[in-house]
*Asks:* 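Pasting a structure here, questions to come.
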Protein chains: 2
Amino acid sequence: MRNPSPGPSSPPGRTGRPRSAAADAAILAATREALVELGWSKLTMGDVSARAGVAKTTLYRRWAGKNELVVDAVAELFDALELPDRGSLEADIEHVVLQFAQLLGRPEARTALMAVVAESTRDPALRDRIRSAIVDRQKRLVVLGRERAQARGELPYEEDESLTGHTTDLIFDVIAGTVVHRALVSCEPVDELWVAAFTTLLMHGLRGAPGA
Amino acid sequence: MRNPSPGPSSPPGRTGRPRSAAADAAILAATREALVELGWSKLTMGDVSARAGVAKTTLYRRWAGKNELVVDAVAELFDALELPDRGSLEADIEHVVLQFAQLLGRPEARTALMAVVAESTRDPALRDRIRSAIVDRQKRLVVLGRERAQARGELPYEEDESLTGHTTDLIFDVIAGTVVHRALVSCEPVDELWVAAFTTLLMHGLRGAPGA
DNA sequence: CGAGTTACGCTACGGCTCGTAGCGTAAGAG
DNA sequence: CTCTTACGCTACGAGCCGTAGCGTAACTCG
């Protein structure tokens with residue numbers, strides 16, 4: 001419950017047999033597959049190892065447990081999110097929200113994301129892992145979208161630069177939190193109508209409150 | 001996995017020995033206690049029954065499993081939320097957000113809420129239970145706050161009444177989702193400074209976008 | 001007050017998953 | 001060719017699950 005190294009790649013300068021990168025890919029894919037079929041609570045390490053064609057002990061050599069394994073398996077999904085320049089802040093927001101909602105439509109993402117967050121409330125190490133593997137990586141979308149909007153003149157530049165990070169965090173929590181809540185808690189569709197209403201609300205909020 | 005009746009109260013006109021309401025209270029309290037100490041994943045039915053001074057079979061006679069039990073145990077916490085009239089929409093929002101954040105500060109609420117939502121993505125019955133026991137009950141706060149604000153003249157009345165429900169849902173998702181995301185995913189404090197910034201953003205959003 | 005009905009506590013059980021240990025083998029590094 | 005590490009396989013004690021069976025307790029109705 002303490003030692004294993006997280007990823008596929010062992011330090012390059014190591015001696016001995018290297019870890020199989022193919023096995024890593026197979027394990028993460030098998031994990032996602034199992035999440036779809038079984039969900040979080042019924043997913044077992046033994047099941048995943050069997051699907052991946054790998055010994056159960058190999059899983060435990062690389063990941064400390066179910067939690068860590070699933071975080072890595074799901075984090076890959078989130079890297080697919082992109083923010084192409086669609087010409088206006090409004091369009092950019094609508095696009096990324098729809099993209100995010102589509103991701104949350106995938107059963108492996110739905111069930112895994114919430115479960116892992118739940119576990120992280122009692123496990124600081126897992127919390128850090130989620131932060132670095134998912135949260136912080138996706139915050140880039142907000143930073144990028146904001147910079148573009150400022151360059152376009154749609155949003156003012158922050159007066160107090162020390163608050164930039166806080167504003168970014170706020171926007172990130174509003175967008176991600178609202179979409180997740182709509183999709184997973186309220187269980188209502190994130191369709192274009194709803195996205196339009198949400199984006200409108202957010203636009204007014206952003207333009208009305210430049211600084212803090 | 002299919003039969004038990006959810007609550008303490010058996011239908012009043014029943015014959016035979018009635019269910020012990022005291023046992024119900026003890027079980028739900030024991031569940032919350034176990035959530036604090038063990039978290040979601042390590043909480044077991046046997047442990048809860050021991051804490052409550054009740055046979056394990058009694059738990060299974062009333063709840064289908066861990067999921068249902070925890071939903072009921074946590075739902076009681078959410079009923080503590082209130083919305084006293086603090087004079088302005090802004091103050092009302094800030095107050096309820098802080099109250100909600102304080103609730104999410106309790107470890108039993110943090111871990112249980114996310115975990116149960118995660119499970120609900122694969123269990124429609126559980127989803128309905130969460131809806132009726134938690135989500136729909138707390139939506140009253142939004143409805144009330146909005147009516148007050150409209151009466152004060154702070155918010156316009158909905159032009160198209162058929163959209164009232166949609167607007168309420170949107171506001172609910174924005175507030176609840178953002179606060180949950182801030183507290184449980186980003187793991188940053190929901191202090192008065194942040195609440196002020198969020199409320200400001202929300203106020204501008206609400207005033208700027210009256211209808212859709 | 002007795003009969004019927006339901007809840008409760010207790011014990012015991014097969015089945016499953018966990019996480020680890022031990023061993024022999026495979027695959028690179030020097 | 002040797003050293004080092006990863007891998008596959010087997011086996012294991014431990015813990016929890018969810019249910020069955022039984023005797024007892026509590027309440028309702030005639």
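In what follows, chains are A, B, ... by sequence order, proteins preceding strands, each numbered from 1. Small disclaimer: the values here were computed from a predicted structure and weren't measured.
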*Asks:* Who pairs with B:Ala73 by side-chain contact (heavy atoms from CB on, under 4.5 Å), at least two apart in sequence or on another chain?
*Replies:* B:Leu28, B:Thr31, B:Arg32

*Asks:* In chain order, what residues pass the side-chain hydrogen bond (donor to acceptor under 3.5 Å, both in side chains) check against B:Lys139, with sequence neighbours excluded?
*Replies:* B:Asp169

*Asks:* Are any of B:Thr58's side-chain N or O atoms less than 4.0 Å away from OP1 or OP2 of C:dG9?
*Replies:* yes

*Asks:* Determine, stepwise, if the pair B:Thr58 / B:Arg61 fulfils side-chain contact (heavy atoms from CB on, under 4.5 Å).
*Replies:* CA-CA 5 Å; B:Thr58 298; B:Arg61 286 192 185 101; 3.6 Å; yes

*Asks:* Please state how far atom CZ in B:Arg19 lies from atom C1' in C:dT5, giving the value in whole angstrom units.
*Replies:* 14 Å

*Asks:* If you round to the nearest 0.5 Å, how far is CD of A:Glu90 from CG of A:Leu202?
*Replies:* 9.5 Å

*Asks:* Between the protein and nucleotides 14-18 of chain C, list the N/O to N/O atom pairs that are separated by less than 3.5 angstrom.
*Replies:*
| unit_1 | atom_1 | unit_2 | atom_2 | d |
| --- | --- | --- | --- | --- |
| C:dC18 | OP1 | A:Met45 | N | 3.2 |
| C:dC18 | OP2 | A:Met45 | N | 3.4 |

*Asks:* At less than 3.5 Å, do the side-chain atoms of B:Arg61 and the base atoms of C:dG9 form a donor-acceptor pair?
*Replies:* yes

*Asks:* Could you tell me which residues satisfy side-chain contact (heavy atoms from CB on, under 4.5 Å) with A:Thr44, sequence neighbours excluded, listed by chain and number?
*Replies:* A:Asp47

*Asks:* Could you list the protein-to-nucleotides 3-5 of chain D atom pairs, N/O on both sides, closer than 3.5 Å?
*Replies:*
| unit_1 | atom_1 | unit_2 | atom_2 | d |
| --- | --- | --- | --- | --- |
| D:dT5 | O2 | A:Arg17 | N | 3.3 |

*Asks:* I'd like to check the side-chain contact (heavy atoms from CB on, under 4.5 Å) partners of B:Ala22; sequence neighbours left out, ordered by chain and number.
*Replies:* B:Ser20

*Asks:* Could you work out how much the helix from C:dC1-D:dG30 to C:dG30-D:dC1 bends, comparing the axis of its first five pairs with that of its last five, to 10°?
*Replies:* 20°

*Asks:* Mind checking what makes side-chain contact (heavy atoms from CB on, under 4.5 Å) contact with B:Ala26, not counting sequence neighbours?
*Replies:* B:Ala52

*Asks:* Can you tell me the distance, in whole Å, between the CD1 atom of B:Ile27 and the P atom of C:dA7?
*Replies:* 13 Å

*Asks:* For residues 175-195 of chain B, which residue pairs qualify under salt bridge (Lys or Arg N to Asp or Glu O under 4.0 Å), counting only residues two or more places apart or in two chains?
*Replies:* A:Arg131-B:Glu188

*Asks:* With sequence neighbours left out, write down each residue that passes side-chain hydrogen bond (donor to acceptor under 3.5 Å, both in side chains) with A:Ser41, or none if nothing qualifies.
*Replies:* B:Glu119

*Asks:* Hey, does the side-chain of B:Thr57 have a donor or acceptor N/O within less than 3.5 Å of a partner on the base of C:dC10?
*Replies:* yes

*Asks:* Please report the distance, rounded to the nearest Å, between CG in B:Leu59 and P in C:dC10.
*Replies:* 13 Å

*Asks:* Tell me, please, which residues at least two apart from A:Phe172 pass ring-ring contact (aromatic ring centres under 6.0 Å, His included).
*Replies:* B:His181

*Asks:* Who pairs with A:Arg122 by side-chain hydrogen bond (donor to acceptor under 3.5 Å, both in side chains), at least two apart in sequence or on another chain?
*Replies:* none

